[in-house]
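Data first, discussion second: the structure below is written as structure tokens.
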Amino acid sequence: MSKSSTIAPGPAAAQVPGQGGKSTPAAAPRLVRQRRRRPGLIALSVALIAAGGLSGAVLYAASGQRSAVVVVSRDVPVGSLIAKEDLAQASIALDPAVKSVKASQTDTLIGQRAAVDLRAGNLLSPAQVTKETLVGPGDQVVGVSVKPSQLPATKLTPGQRVLIVSTPDPDAAAAETPTQAGAPKTLSATVIEVGAPAVGTGNIVVDVALPAKSGPDLAARVATGNVAVIMDARGGS
């Protein structure tokens with residue numbers, strides 16, 4: 001006896017009426033596959049975008065943080081009074097470690113003295129200026145008028161230490177013996193101001209400060225014209 005297997009029919013195709021009353025099978029609907037979302041990839045993309053935005057913000061902030069500061073517009077010798085024309089303002093980006101003077105403080109610098117030689121174009125720092133006067137308590141200021149030949153070729157600047165040396169009178173020196181001559185008299189002083197050369201003679205007046213007890217003596221020597229000014233390397237500038 002033979003056995004027969006029955007194949008279960010699959011789902012019947014839908015019949016669509018056609019021309020002449022005949023039915024034709026309808027096309028099966030297309031299945032639309034949905035893309036699988038990858039959460040890890042999305043999170044990475046968001047992180048990269050955020051990092052790029054943050055880097056741009058940091059660079060923009062760094063380039064935009066500029067400070068208005070004081071710069072030197074022309075050379076100012078050490079010890080000289082600072083004038084308005086000696087200073088200018090600039091807007092620059094500075095490292096926090098750099099010491100500077102804010103542009104809003106410019107007026108407070110006028111009338112102070114340069115503690116060091118100030119060079120045009122350089123940034124001004126607070127330590128480069130001082131309120132201290134070159135004339136100390138109990139000092140006197142004496143003007144020393146000398147010829148260019150009685151001064152060193154190196155330009156004298158305020159705050160510099162000098163020696164005022166009494167030079168011998170030519171007639172008196174001729175009458176003295178070598179034993180009587182002795183060492184020349186000297187007085188130590190501080191340069192306060194250096195005047196411009198006089199028209200015609202070229203003589204220059206150097207204002208110096210020295211203890212009051214020596215002021216009259218120096219003035220008497222200057223009156224004779226027999227003095228010379230030398231730089232005191234020990235005092236420096």
Side-chain angles (χ1 to χ4, degrees), residues 72-87 109-122 128-237:
V72 182
S73 59
R74 62 183 183 182
D75 291 348
V76 182
V78 59
S80 299
L81 291 175
I82 298 175
K84 185 177 181 180
E85 295 75 18
D86 299 328
L87 307 175
L109 302 173
I110 308 303
Q112 295 193 44
R113 293 186 180 274
V116 297
D117 286 331
L118 304 180
R119 301 302 181 189
N122 288 352
Q128 293 178 323
V129 296
T130 179
K131 294 181 179 180
E132 295 182 2
T133 178
L134 296 178
V135 183
D139 284 355
Q140 290 183 344
V141 177
V142 179
V144 181
S145 178
V146 289
K147 300 176 182 178
S149 59
Q150 296 170 299
L151 286 170
T154 302
K155 184 179 179 181
L156 298 177
T157 57
Q160 195 165 36
R161 298 290 296 176
V162 294
L163 292 176
I164 312 299
V165 182
S166 294
T167 57
D169 179 68
D171 297 333
E176 290 180 348
T177 63
T179 306
Q180 294 174 327
K185 296 180 179 179
T186 62
L187 287 174
S188 179
T190 302
V191 176
I192 302 301
E193 193 67 44
V194 180
V199 179
T201 63
N203 287 4
I204 298 174
V205 176
V206 181
D207 287 349
V208 298
L210 72 170
K213 63 180 181 179
S214 302
D217 185 18
L218 177 59
R221 297 186 193 185
V222 172
T224 66
N226 299 321
V227 294
V229 178
I230 63 176
M231 295 175 61
D232 187 0
R234 294 171 299 175
S237 61

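Everything numeric here is computed off the predicted structure, so don't read it as measured data.
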Kindly list each side-chain donor-acceptor pair under 3.5 angstrom involving residues 72-87, sequence neighbours excluded, with atom names and distances?
| from | atom 1 | to | atom 2 | distance (Å) |
| --- | --- | --- | --- | --- |
| Ser73 | OG | Glu85 | O | 2.6 |
| Ser73 | OG | Asp86 | O | 3.0 |
| Ser73 | OG | Leu87 | N | 3.2 |
| Arg74 | NE | Asp86 | OD1 | 2.4 |
| Arg74 | NH2 | Asp86 | OD1 | 3.2 |
| Asp75 | OD1 | Ala120 | N | 2.8 |
| Ser80 | OG | Pro77 | O | 3.3 |
| Asp86 | OD2 | Ala83 | N | 2.8 |

**OP:** Please step through side-chain contact (heavy atoms from CB on, under 4.5 Å) for the pair Ile204 and Leu156, ending with a clear verdict.
**Re:** CA-CA 11 Å; Ile204 298 174; Leu156 298 177; over 6 Å; no

Subject >> Nearest-0.5 Å distance, CG of residue Leu151 to CD1 of residue Ile230 >> reply: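 So the CG of Leu151 and the CD1 of Ile230 are separated by 11.5 Å.
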
**OP:** Could you tell me which residues satisfy side chain to side chain donor-acceptor pair (under 3.5 Å) with Asp217, sequence neighbours excluded, listed by chain and number?
**Re:**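 Applying side chain to side chain donor-acceptor pair (under 3.5 Å) to Asp217 gives Arg221.
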
Original post:
Which pairs count as side-chain hydrogen bond (donor to acceptor under 3.5 Å, both in side chains) when at least one residue sits in residues 110-119, sequence neighbours excluded?
Top reply: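 For residues 110-119: none.
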
Report all side-chain donor-acceptor pairs from residues 183-203 shorter than 3.5 Å, counting only partners two or more places apart or in another chain.
| from | atom 1 | to | atom 2 | distance (Å) |
| --- | --- | --- | --- | --- |
| Ser188 | OG | Arg161 | NH2 | 2.5 |
| Thr190 | OG1 | Arg161 | NH1 | 2.5 |
| Thr201 | OG1 | Asn203 | N | 3.3 |

Side-chain donor-acceptor pairs of residues 131-143 under 3.5 Å, sequence neighbours excluded:
| from | atom 1 | to | atom 2 | distance (Å) |
| --- | --- | --- | --- | --- |
| Thr133 | OG1 | Val135 | N | 3.3 |
| Asp139 | OD2 | Gly136 | N | 3.0 |

**OP:** Please report the closest heavy-atom contact between Val222 and Val227, naming both atoms and the distance.
**Re:**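 That closest heavy-atom pairing would be N-CG1, 4.1 Å.
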
Original post:
Sub-3.5 Å donor-acceptor pair from the side chain of Ser145 to the main-chain atoms of Val205, do we have one?
Top reply: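 It does not hold such a pair.
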
